[in-house]
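The structure under discussion appears below in the form of structure tokens.
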Amino acid sequence: MSPVAFPAALTTDRLVLRPFVLDDAEAVFDRYAGDPEVTRHLAWATHASVEVTRGFLATVTGDCPPERRSREHVWAITLADDPLPCGSIGLTPTETGAMLGYVLGRPWHGSGLMTEAACAVIDCAWNDPSVWRVNAYAHVDNVASRRVMEKCGMRYEGIARRAVWQPQFDEPQDAAHYAIVRDDVASGQ
Ligand SMILES: CC(C)(COP(=O)(O)OP(=O)(O)OC[C@H]1O[C@@H](n2cnc3c(N)ncnc32)[C@H](O)[C@@H]1OP(=O)(O)O)[C@@H](O)C(=O)NCCC(=O)NCCS
């Protein structure tokens, strides 16, 4: 996966996906990163303060030493009429493509917004000829996220038992795996 293949900004009917800036820290913290309910099933811990959020943003904006830079290509999710981020979505390189990850603040849940964002990001991933597979996983109980993956055309590949550590649990958790491959798109499946 080559980040240069991805546009800095993507637009959908209701959303603008754009690069993060450090000044997004307060909105990111207030709207989702500091909310334990939203981060319950994530691979990262709830941010304890806006400083933690700022430190995280520095790793995706490049305002940090090169060795701390995130490998994930991340977009801030914003509504077309609100420039502040209400969530984020990103692609992390894998051996044959990219892994999709996302989060959205609670007030925006249940309106199809993440499905809209994820479909746009998956579509754009195929512009990179080195991407053959886009995969994602969710905690087995994260029904909303699993549904987003299905609605984006990802196929269920099974449960990997005890496969992931998530900071909100003190034991490894079962993960439901989903993926879409370039062949699915070419054959219209
Ligand atoms: C997962 C998440 C991104 C979904 O975002 P969203 O914009 O609300 O998703 P959408 O509205 O596009 O779709 C959600 C689907 O899940 C369904 N859903 C939500 N909660 C559900 C539940 N408890 N049981 C069954 N279905 C549920 C919705 O009905 C919808 O499906 P439908 O369109 O067929 O009705 C959002 O809930 C979130 O950010 N959660 C916290 C972070 C997270 O879990 N990230 C993913 C980590 S893998």
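We number each residue from 1, following the sequence as shown. Read the numbers this way: they start at 1 and go in the same order the structure lists the ligands and their atoms. The shown structure was predicted, so the numbers you read here are calculated from the model rather than taken from an experiment.
- In this structure, W132 places its CH2 atom where only 12 or fewer heavy-atom neighbours from other residues, nucleotides or ligands lie under 6.0 Å away.
- Listed by number with element, the atoms of ligand 1 under 4.0 angstrom from any heavy atom of T115 are 10 (P), 12 (O), 13 (O).
- For the residue pair Y178 and R146, a side-chain donor N or O sits within less than 3.5 Å of a side-chain acceptor on the partner.
- Heavy atoms of K151 approach ligand 1 to within less than 4.0 angstrom.
- With a heavy-atom cut-off of 4.0 Å, V148 touches ligand 1 through its side chain alone.
- By heavy-atom distance, the residue among H41, H109, E37 lying nearest atom 37 (O) of ligand 1 is H109.
- Within ligand 1, the atoms closer than 4.0 Å to a non-hydrogen atom of Y137 are 48 (S), numbered from 1 in the order shown.
- Nearest heavy atom pair, residue N135 against residue M154, reads C-CE, 3.7 Å.
- One finds a salt bridge joining D24 and R18 here, because a Lys/Arg side-chain nitrogen approaches an Asp/Glu carboxylate oxygen to under 4.0 Å.
- Note on ligand 1: Y32 sits outside its first shell, no heavy atom being nearer than 4.0 Å.
- Proximity of atom 48 (S) of ligand 1 to the protein is indicated by at least one non-hydrogen atom lying closer than 4.0 angstrom.
- Contact annotation: for M114 versus ligand 1, heavy atoms closer than 4.0 Å belong to both the backbone and the side chain.
- There is a protein heavy atom closer than 4.0 angstrom to atom 15 (C) of ligand 1.
- S88 is not listed as a side-chain neighbour of Y102, based on a closest heavy-atom distance of 4.5 Å or more.
- Residue V103 approaches ligand 1 through these ligand atoms, each under 4.0 Å from one of its heavy atoms: 39 (O), 42 (C).
- Annotation for E26: atom CD does not count as buried by contact number, only 12 or fewer foreign heavy atoms lying within 6.0 Å.
- Within the 4.0 Å heavy-atom criterion, neither part of R40 lies near ligand 1.
- The part of S111 lying near ligand 1 is the backbone, judged by heavy-atom distances below 4.0 Å.
- The residues E157 and R133 are annotated as salt-bridged, a charged nitrogen and a carboxylate oxygen being separated by less than 4.0 angstrom.
- Taking every heavy atom of G112 and a limit of under 4.0 angstrom, the matching atoms of ligand 1 come to 10 (P), 11 (O), 12 (O).
- Ring pair F6/H73 is tilted by interplanar angle, where 30° to 60° counts as tilted.
- Ionic pairing of R14 and E116 is present here: one or more N-O contacts between side-chain nitrogen and carboxylate oxygen are shorter than 4.0 angstrom.
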